[in-house]
S.K.: 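This is the structure I have questions about; it appears just below.
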Amino acid sequence: MSRFWSAIVAGLSPYVPGEQPKIGGLVKLNTNENPYPPSPAVAQAIGAELGTNGQTLRLYPDPQSAALRAAIAEREGLASEQVFVGNGSDEVLAFAFQGLLAQSRPLRFPDVTYSFYPTWCRLYGIDFETVPLGEGFALRVDDYTGGAPLILPNPNAPTGRAIARAEVARLCAANADWPVVIDEAYVEFGAETAAPLVASHPNLLVVRTLSKSHALAGLRVGYALGQPPLVEALVRLKDSFNSYPLDRLAQAGAEAALRDQAWFERSRDAVVANRAQLSGELAALGFEVLPSLANFVFARHPAHDGAALARALRERGIVVRHFASPRIEQWLRITVGTPQQCATLVAAMREIVATRPR
């Protein structure tokens, strides 16, 4: 700790992202990246945007990301004024925490959820309450109907469980005087999006990312959908912090990815099929596997410690995510990979669970 740190920095407990190991040959199933490449149109659009010798890079990007916002609006059946874009959904969510969720009542979110939420609360001085998930880590909507600002991932992370759109509508109506943010980082893999509810619920903000669904984790593009007053709050923060959030290449690549719907659907369908196969094979090995609508599965084995399983997998060149947190310390979050990657994982698991528990 430095004497030059502010009190805010000194008091933070930063979010710890998933490991990005530099070891070659690993089967990397720990950070929920898409196992398939993005649309070829992405590289083509980035190349075209670069121009001759990258000459366009001397120019600032469009601060409004107008073309990208128009593409998102067209895809979602909304107006551009109902779309906000940022550097990944994490930046968009950070703006939402500061601009919408810092209210007079404590913010509410599940006790087992995206671990960045409490970090933002501490950074922005937001009081919060965690609400225990129910049996099987199910989100009980009735626990969130008391009138308070909310943020809920749908599907939830790291569990992969989701609620229906009708339940989101009920949450918005029950908390009509407070902002409700639905974090849809994984919604494309089988859950119902809340985007159609934006028109009828002025308190609803839906946040998405292209990192997983469109295999663009390296470009860092996220967006939010909401009625214009909510979007304006995020824009005011952006323009007071960094008026050029998305670079020229990210804007061009993201727009191209969104316009190649056929490529997206093939990639998504492959991940969904691989998820079903992986879930079934893990269950056959004795694992309890939660019903997931994300691009990962959440599983535990009754006879093997979660941390020990993660270590044993790493010894075999396979990386998964283990959280040393209350309620989930025996569980592993496993990204759905290619069929070959999943087969490698299952073979290793079969070998590990056949041994005596450590």
Side-chain angles (χ1 to χ4, degrees), residues 6-18 84 86 88-134 137-163 167-168 170-187 194 201-209 222 224 226 229-230 233-234 236-237 241 294 298 323-329 331 333:
S6 70
I8 292 175
V9 171
L12 286 177
S13 298
Y15 169 76
V16 179
F84 176 85
S89 60
D90 282 342
E91 182 178 71
V92 177
L93 287 167
F95 286 144
F97 268 75
Q98 190 175 22
L100 300 174
L101 298 177
Q103 300 286 340
S104 58
R105 288 194 183 180
L107 173 64
R108 309 187 79 200
F109 51 81
D111 64 333
V112 177
T113 193
Y114 187 25
S115 54
F116 222 140
Y117 295 165
T119 298
W120 282 316
C121 287
R122 289 188 290 267
L123 177 61
Y124 298 125
I126 300 172
D127 291 333
F128 67 95
E129 298 174 350
T130 59
V131 180
L133 293 175
F137 298 111
L139 189 146
R140 298 173 297 204
V141 171
D142 288 341
D143 291 344
Y144 296 87
T145 57
L150 306 178
I151 182 165
L152 302 171
N154 195 40
N156 194 13
T159 67
R161 302 202 65 172
I163 59 174
E167 297 291 82
V168 175
R170 190 154 71 92
L171 285 169
C172 292
N175 300 278
D177 294 327
W178 305 95
V180 174
V181 176
I182 303 298
D183 181 354
E184 292 189 343
Y186 302 99
V187 75
H201 293 280
N203 60 330
L204 173 64
L205 188 79
V206 178
V207 179
R208 297 265 196 86
T209 177
L230 297 189
L234 306 184
R236 287 170 67 87
L237 279 169
F241 174 72
F298 204 48
F323 299 90
S325 304
R327 297 190 70 187
I328 59 172
E329 65 272 7
W331 294 78
R333 192 194 69 190

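Small disclaimer: the values here were computed from a predicted structure and weren't measured.
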S.K.: Where the side chain of Asn203 meets the backbone of Asn175, is there a donor-acceptor pair that is under 3.5 Å apart?
M.R.: yes
S.K.: Side chains of Pro149 and Phe128, heavy atoms from C-beta outward: is any pair under 4.5 Å?
M.R.: no
S.K.: Go through the steps for Thr145 and Arg140 under the test side chain to side chain contact (heavy atoms under 4.5 Å, CB included), then give the verdict.
M.R.: CA-CA 10 Å; Thr145 57; Arg140 298 173 297 204; over 6 Å; no
S.K.: Which class fits the ring pair Phe116 and Trp120: parallel under 30°, tilted 30 to 60°, perpendicular over 60°?
M.R.: parallel
S.K.: Quick one: pull up CD1 in Ile151 and CD1 in Ile126 and give me the separation to the nearest 0.5 Å.
M.R.: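 Those atoms lie 9.5 Å apart.
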S.K.: When rounded to the nearest 0.5 angstrom, what is the spacing between CG in Leu152 and OH in Tyr117?
M.R.: 7.5 Å
S.K.: What are the two closest heavy atoms between Val131 and Arg108, and how far apart are they?
M.R.: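 Looking at all heavy atoms of both residues, the shortest contact is CG2-NH2, 3.4 Å.
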S.K.: For the residue pair Phe97 and Tyr124, is the inter-centroid distance of their aromatic rings smaller than 6.0 Å?
M.R.: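 Not under 6.0 Å, so no.
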S.K.: Hey, could you give me the CH2/OG distance between Trp178 and Ser104, rounded to the nearest 0.5 Å?
M.R.: 3.5 Å
S.K.: Report the distance from atom CZ of Arg105 to atom CG of Leu107, rounding to the nearest 0.5 Å.
M.R.: 13.0 Å
S.K.: Take Val181 and Leu150, measure what side chain to side chain contact (heavy atoms under 4.5 Å, CB included) needs, and give me the verdict at the end.
M.R.: CA-CA 6 Å; Val181 176; Leu150 306 178; over 6 Å; no
S.K.: Looking at side-chain heavy atoms only, is the closest gap between Trp331 and Ser325 below 4.5 Å?
M.R.: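 A side-chain contact under 4.5 Å is absent here.
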S.K.: Would you please test Leu230 and Phe84 for side chain to side chain contact (heavy atoms under 4.5 Å, CB included) and show each step?
M.R.: CA-CA 9 Å; Leu230 297 189; Phe84 176 85; over 6 Å; no
S.K.: When you compare the side chain of Asp142 with that of Arg170, does any pair of heavy atoms fall below 4.5 Å?
M.R.: yes
S.K.: Measure the shortest side-chain to side-chain distance between Ile182 and Leu205 over non-hydrogen atoms and say whether it is less than 4.5 angstrom.
M.R.: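 A side-chain contact under 4.5 Å is absent here.
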S.K.: What is the distance from atom OG1 of Thr113 to atom CZ of Phe137, rounded to the nearest 0.5 Å?
M.R.: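 These two atoms lie 12.0 Å from each other.
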S.K.: Apply side chain to side chain contact (heavy atoms under 4.5 Å, CB included) to residues Thr159 and Val112 and explain how you reach the verdict.
M.R.: CA-CA 8 Å; Thr159 67; Val112 177; 4.1 Å; yes
S.K.: Do Ser89 and Tyr114 come within less than 4.5 Å of each other through their side chains, counting heavy atoms only?
M.R.: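 Sidechains of Tyr114 and Ser89: no contact.
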S.K.: Side chains of Leu139 and Glu167: closer than 4.5 Å at any heavy-atom pair?
M.R.: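 A side-chain contact is absent here, since even the closest heavy-atom pair is not under 4.5 Å.
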S.K.: Would Arg333 and Phe323 count as a cation-pi pair here, with the cationic atom under 6.0 angstrom from the ring centre and within 45° of the axis?
M.R.: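 No, a cation-pi geometry is absent between Arg333 and Phe323.
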S.K.: With a 4.5 Å limit on heavy-atom distance, are the side chains of Val187 and Asn154 in contact?
M.R.: no
S.K.: What's the spacing between Thr209 OG1 and Glu184 CD if we round to 0.5 Å?
M.R.: 12.0 Å
S.K.: Does a sphere of radius 6.0 Å around CZ in Arg236 hold more than 12 heavy atoms from other residues, nucleotides or ligands, not counting ones at 6.0 Å or beyond?
M.R.: no
S.K.: Considering only heavy atoms from C-beta outward, does the side chain of Pro153 approach that of Phe109 to under 4.5 Å?
M.R.: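 A side-chain contact is absent here, since even the closest heavy-atom pair is not under 4.5 Å.
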S.K.: Heavy atoms only: give me the nearest Leu133-Pro110 pair and the separation to one decimal.
M.R.: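 So the two residues come closest at CD2-CB, 3.7 Å.
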